[in-house]
Amino acid sequence: EVHLVESGGGLVQAGGSLRLSCAASGFTFDNSAIGWFRQAPGKEREAISCITPNDGDTYYTDSKKARFTISSDNAKNTVYLRMNDLKPEDTAVYYCGAIELYAPDYVCKPYGMDYWGKGTLVTVSS
């Protein structure tokens, strides 16, 4: 059974940082693509970044590249998202999504994911 478990969310002041974790199980981590997405109230889920753990290649939505960093620890089957200089508009539920067996032309978009975690809430106060 596939599990994606996010953690690390919480309340942070504007300008602060957080590191989110996504622990994956139930599929072959090295064959997958794993991404971070977020959904703010009343808005659609949007992509932040994706990584393919077997080679470390990353993709970022342009607007997220400056403040967000995705990484993976293959020994722990875990993907991280480091978020710096957080802003109130970053407030959202952050989700981890996975493609079980990615192709080179995979898309880092919500519709491209096979599995989802339940999300972790990030609240940024002004």
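None of the values given here were measured: they were computed from a predicted structure. Just the heavy atoms: all of them, side chains too, but no hydrogens, waters or symmetry mates, feed the values below.
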Subject >> Side chain to side chain, Met83 and Tyr94, heavy atoms closer than 4.5 Å >> reply: yes

Original post:
By salt bridge (charged side-chain N to carboxylate O under 4.0 Å, His left out), which residues pair with Lys109, not counting sequence neighbours?
Top reply: none

Original post:
Ser25: what forms a side chain to side chain contact (heavy atoms under 4.5 Å, CB included) with it, not counting sequence neighbours?
Top reply: His3

Original post:
Closest heavy-atom contact between Gln39 and Lys43?
Top reply: NE2-O, 3.1 Å

Subject >> Ser17: side chain to side chain donor-acceptor pair (under 3.5 Å) partners, not counting sequence neighbours >> reply: Asn84

**OP:** For Ser72 and Asn74, test the side chains for any donor-to-acceptor distance below 3.5 angstrom and give the result as yes or no.
**Re:** yes

**OP:** Provide the closest heavy-atom pair for Val122 versus Gly9 in the form atom of the first, atom of the second, distance.
**Re:** CG2-CA, 4.0 Å

Subject >> Heavy-atom pair with the smallest gap, counting every atom of Arg45 and Pro110 >> reply: O-CG, 3.5 Å

Subject >> Minimum side-chain heavy-atom gap Ile51-Asp57 below 4.5 Å >> reply: no

Subject >> Contacts of type ring-ring contact (aromatic ring centres under 6.0 Å, His included), residue Tyr106, not counting sequence neighbours >> reply: Tyr102

Subject >> Verify same cluster id: Leu81, Tyr95 (apolar side-chain graph, 4.5 Å) >> reply: no

Subject >> Point-to-point distance, once rounded to the nearest 0.5 Å, from CG of Asp30 to CG of Asp55 >> reply: 9.5 Å

**OP:** With sequence neighbours excluded, give me every ring pair (Phe, Tyr, Trp, His ring centres under 6.0 Å) pair touching residues 5-55.
**Re:** Phe37-Trp116

Subject >> Nearest heavy atoms of Gly26 and Val2, plus distance in Å >> reply: O-CG2, 3.7 Å

**OP:** Please list, chain by chain and in numerical order, all residues satisfying salt bridge (charged side-chain N to carboxylate O under 4.0 Å, His left out) with Arg19, sequence neighbours excluded.
**Re:** none

Original post:
OG1 of Thr123 to CG of Leu121: how many Å apart, nearest 0.5 Å?
Top reply: 3.5 Å

Subject >> Cys108 side chain near Ser49 side chain, heavy-atom distance below 4.5 Å >> reply: no

**OP:** Please report the shortest heavy-atom distance between Ile34 and Cys22, naming the atom on each side.
**Re:** CG2-SG, 4.4 Å

Subject >> Contacts of type side chain to side chain contact (heavy atoms under 4.5 Å, CB included), residue Thr61, not counting sequence neighbours >> reply: Ala47, Tyr59, Ser63, Lys64

**OP:** Could you tell me whether a side-chain N or O of Glu6 sits under 3.5 Å from a main-chain N or O of Gly119, the two making a donor and an acceptor?
**Re:** yes

Subject >> Set of residues satisfying side chain to side chain contact (heavy atoms under 4.5 Å, CB included) with respect to Val12, sequence neighbours excluded >> reply: Leu18, Leu86, Val124

Subject >> Point-to-point distance, once rounded to the nearest 0.5 Å, from CE of Met113 to SG of Cys96 >> reply: 9.5 Å

**OP:** Using the salt bridge (charged side-chain N to carboxylate O under 4.0 Å, His left out) rule, collect all pairs that involve residues 81-93, keeping only residues at least two apart or in two chains.
**Re:** Arg38-Asp90, Arg67-Asp90, Asp85-Lys87

**OP:** Would you confirm whether Tyr60, through its side chain, and Ile70, through its main-chain N or O, come within 3.5 Å as a donor-acceptor pair?
**Re:** yes

**OP:** Kindly write out the residues that satisfy salt bridge (charged side-chain N to carboxylate O under 4.0 Å, His left out) with Glu100, not counting sequence neighbours, or none if the list is empty.
**Re:** none

**OP:** Check salt bridge (charged side-chain N to carboxylate O under 4.0 Å, His left out) between Asp73 and all other residues, then give those that pass, not counting sequence neighbours.
**Re:** none

Original post:
With Thr78, which residues qualify under side chain to side chain contact (heavy atoms under 4.5 Å, CB included), at least two apart?
Top reply: Ser21, Ala23, Lys76, Tyr80

Original post:
Does some side-chain heavy atom of Leu11 sit less than 4.5 Å from a side-chain heavy atom of Ser125?
Top reply: yes

Original post:
For Pro88 and Ser126, which heavy atoms make the closest approach, and how far apart are they?
Top reply: CG-CB, 3.9 Å

